[in-house]
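Proteins come first, then strands; the chains are lettered A, B, ... in the order of their sequence lines, and each starts at number 1.
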There are 2 protein chains.
Amino acid sequence: MGAMKSSADATMAASRALLGHVARSLQGALEHVTLPQYRALVVLAAAGPQRMGALADTLGVHPSTLTRTVERLVAGDFVTREAAPDNRREVVIALAPAGEALVADAMARRRDSVAATLERLSPDEREAVRRGMELYAAAAEEPGAPDLLTLGM
Amino acid sequence: MGAMKSSADATMAASRALLGHVARSLQGALEHVTLPQYRALVVLAAAGPQRMGALADTLGVHPSTLTRTVERLVAGDFVTREAAPDNRREVVIALAPAGEALVADAMARRRDSVAATLERLSPDEREAVRRGMELYAAAAEEPGAPDLLTLGM
DNA sequence: TGCAACAGTTGCACCCTAGCAAGTATTGGA
DNA sequence: TCCAATACTTGCTAGGGTGCAACTGTTGCA
């Protein structure tokens, strides 16, 4: 009876903790770029260099909106923008080192805080966490890219 | 050796799944209010009616910024704003029904999608998830309010 | 009573996102 | 070769968020 409820409660509690990790990991990045800008960096980090059109589609924004966003990211040296080699009307955006670092750092910070949390557990407990998390991740539908992007992944 | 790493990996994977739930649960709310506005609603839902000053402190924004934000929330009937009964220079903000519903709906949707995921597991597996999640939540430092607020909780 | 501290609001300036419409350059096919 | 489709940019408009400084009303103490 209460079995479902209590696992749901526990999962919600854990989700708050995990959310905290994500949020903190984002905090640093958001001092340098806005959330929409960061979302663009995340897409580039995940999918590699992109044409403007493809990027706009993935982000779900109007091409003209992306033009300005990219403009700012270029100004901040987070991405590069150059004409495609084979097609001069296409523009390819790629992560610049600073942009790469921004995303990588956030990822690393997130992973570190998860690891730090796990470190407080005994090996047995850690194993229990691993199994629980694995089961949950397997049971969950893979969240779509657009979903994750809402929160900057 | 790899024990820590694999639990960390599993946890990161689960965190992506949970993030997906959170993001989807927020999607509906963000069609009606902006993220900063939603953050205010979350604080009010969690801590009850607040003075402007207290709310601004919690949200970490300038009082004048909060004035406009609240202005918009009042216009949308998401909150009420009235002078404190005992002190006429203080202004108390409280959730209006629509605001309450907005937050409650997001919470409910999130909980539903977690429950739906758990439903795909056997009772034994569910129990393993419960235990893992509980252990993780207990080991994690309680994420501070400001952290959670970054992502709209 | 009067004045300083307090709680919010308003004016101002600035930046960012966002979409639409029009414009430009490029490409590819008729 | 020429014209339409494509890919992106630019001009325009609008709405938010944000902080600072100045202002208003209120309170509380000397």
Identify which nucleotide among dG19(C), dG11(C), dA21(D) has an atom closest to any side-chain atom of Arg68(B), counting heavy atoms from C-beta outward.
dG11(C)

Do you see a donor-acceptor pair shorter than 3.5 Å between the side chains of Arg109(B) and Ser25(B)?
no

Paired with Val43(B), the side chain to side chain contact (heavy atoms under 4.5 Å, CB included) test is passed by just one of Val103(B), Ile93(B), Leu59(B), namely Leu59(B)

Is a donor-acceptor pair below 3.5 Å formed from side chain Ser64(A) to base dC8(D), judging by atom type as modelled?
no

Quick one: does Thr65(A)'s side chain have a donor or acceptor within less than 3.5 Å of a partner on Val61(A)'s backbone?
no

Between Leu66(A) and Met52(A), the two heavy atoms sitting closest are CD2-O, 3.2 Å

May I have the distance from Asp57(B) (atom CG) to dC6(C) (atom C1'), rounded to whole angstrom?
13 Å

Find the distance His32(B):NE2 to dG16(D):C1' and express it as a whole number of Å.
18 Å

Return no unless some side-chain N or O of Thr69(A) is found under 4.0 Å from OP1 or OP2 of dC16(C).
no

Report the nucleotide, chosen from dT18(D), dT9(D), dC12(D), that has the shortest atom-to-atom distance to any side-chain atom of Thr65(B).
dT18(D)

Within this structure, what is the CG-to-P distance between Leu55(B) and dT9(C), rounded to whole angstrom?
11 Å

CD of Glu71(B) versus C1' of dG11(C): gap in Å, rounded?
13 Å

Could you tell me how far apart His62(A) (NE2) and dA14(D) (P) are, to the nearest whole angstrom?
17 Å

Expressed as a whole number of angstroms, how long is the span from Tyr38(B):OH to dG17(D):P?
16 Å

Please determine whether residues Val74(A) and Val92(A) belong to a single hydrophobic cluster, defined as Ile, Leu, Val, Met, Phe, Trp and Tyr linked transitively by side-chain heavy-atom distances below 4.5 Å.
no

Can a donor-acceptor pair be found, under 3.5 Å and without considering hydrogens, that links the side chain of Gln37(B) to the backbone of Thr34(B)?
yes

From CZ of Arg72(A) over to C1' of dA18(C), roughly how many Å is that when rounded to an integer?
11 Å

Respond yes when some side-chain nitrogen or oxygen of Thr67(A) is under 4.0 Å from OP1 or OP2 of dT9(D), and no when none is.
yes

For residues 80-102 of chain A, which residues have at least one heavy atom under 4.0 Å from DNA chain C?
Asn87(A), Arg88(A), Arg89(A)

Heavy-atom closest pair (Ser6(A) atom, Arg130(B) atom, distance to 0.1 Å) is OG-CD, 3.1 Å

Closest to the Gln37(B) side chain, choosing from dG17(D), dT18(D), dC20(C):
dG17(D)

Presence of Arg51(A) side-chain N/O under 4.0 Å of dC8(D) phosphate oxygens OP1/OP2
yes

Could you tell me how far apart Leu30(B) (CG) and dG16(D) (C1') are, to the nearest whole angstrom?
14 Å

